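Quick caveat: nothing in here was measured; it's all calculated off a predicted structure.
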Amino acid sequence: QVQLVESGGGLVQAGGSLRLSCVVSGRIFSACAMGWFRQAPGKEREFVSGISWNGDSTVYADSVKGRYTISRDNAKNTVYLQMNSLKPDDTAVYYCSIRRRPRSGQDDGSYDYWGQGTQVTVSS
């Protein structure tokens, strides 16, 4: 059984920072790519960032490029999303996901397991 548990969300003022964490249970973590997605009220879920199995390749949505940084610690089965210069438009539920392939992708249908999500709210 693979489980993903996100944490680190909360309420922050515009311009502030948050760091999301996602801990993965199960032994598949180190062989799999990870992704972060988000879903705002009334909108479809969208890709935010992805990282390859060993961390040598990362990808970002244009909307967060330069502000967000994804990283992972395979020894801790954890993936992180450092979010800086937050904007009200970043308000959403953020989900981490695992993809049983070495490289990440932007298609949420290609991910195999999902966390329950953590709320990020950015006030203006």
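- For the atom pair CD1 of Ile51 and SG of Cys96, the computed distance is 12.5 Å after rounding to the nearest 0.5 Å.
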With a cut-off of 3.5 Å and sequence neighbours excluded, list every side-chain donor-acceptor pair involving residues 11-32.
residue, atom, partner, partner atom, Å
Ser17, OG, Asn84, OD1, 2.9
Ser25, OG, Gln3, N, 3.0
Ser25, OG, Gln3, O, 3.4

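- In this structure, the side-chain contact (heavy atoms from CB on, under 4.5 Å) partners of Ser63, at least two apart in sequence or on a different chain, are Arg38, Ala61.
- At least one donor-acceptor pair under 3.5 Å links the side chain of Ser49 to the backbone N or O of Val59.
- Tyr113 and Trp36 end up in the same hydrophobic cluster when Ile, Leu, Val, Met, Phe, Trp and Tyr side chains are linked at under 4.5 Å.
- Between Pro102 and Ala33, the closest heavy-atom pair is O-CB, 3.8 Å.
- Judged by distance alone, the side chain of Arg67 and the main-chain N or O of Ser85 form a donor-acceptor pair under 3.5 Å.
- Side-chain atoms of Ser52 come within 3.5 Å of backbone N or O of Ser57 as a donor-acceptor pair.
- No path of Ile, Leu, Val, Met, Phe, Trp and Tyr side chains, each step under 4.5 Å between heavy atoms, connects Tyr111 with Val48, placing them in separate hydrophobic clusters.
- Separating the CG atom in Asp108 from the CZ atom in Phe37 is a distance of 5.5 Å, to the nearest 0.5 Å.
- At a cut-off of 3.5 Å, with distance as the only test, a side-chain donor of Arg99 or Ser110 sits close to an acceptor on the other residue.
- Cluster membership for Tyr95 and Leu4, using ILVMFWY side-chain heavy atoms within less than 4.5 angstrom, is not shared.
- In this structure, Thr91 contributes its side chain and Val122 its backbone to a donor-acceptor pair below 3.5 Å.
- In this structure, OG in Ser97 is found 9.0 Å from CD in Glu6, a value given to the nearest 0.5 Å.
- Rounding to the nearest 0.5 angstrom, the gap separating the OG1 atom in Thr121 from the CG atom in Leu86 is 10.5 Å.
- Asn74 places a side-chain N or O within 3.5 Å of a backbone atom of Trp53 that can act as its donor or acceptor partner.
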Pair Asp90-Tyr68, side chain to side chain contact (heavy atoms under 4.5 Å, CB included): steps then yes or no: CA-CA 11 Å; Asp90 295 319; Tyr68 289 15; 3.2 Å; yes
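- Here the shortest heavy-atom pairing between Ser124 and Pro88 reads CB-CG, 3.9 Å.
- In this structure, the side chains of Leu81 and Tyr94 come closer than 4.5 Å at one or more pairs of heavy atoms.
- Considering all non-hydrogen atoms of both residues, Gln119 and Val93 come closest at OE1-CG2, 3.2 Å.
- Taken from OG in Ser104 to CD1 in Ile98, the straight-line distance is 12.5 Å, to the nearest 0.5 Å.
- In this structure, the ring of Phe47 has its center no less than 6.0 angstrom from the ring center of Tyr60.
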Stepwise side chain to side chain contact (heavy atoms under 4.5 Å, CB included) test for Arg103 and Asp56: CA-CA 10 Å; Arg103 297 293 182 181; Asp56 71 344; 2.9 Å; yes
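- Environment of NZ in Lys43: sparse, with no more than 12 heavy atoms of neighbouring residues, nucleotides or ligands closer than 6.0 Å.
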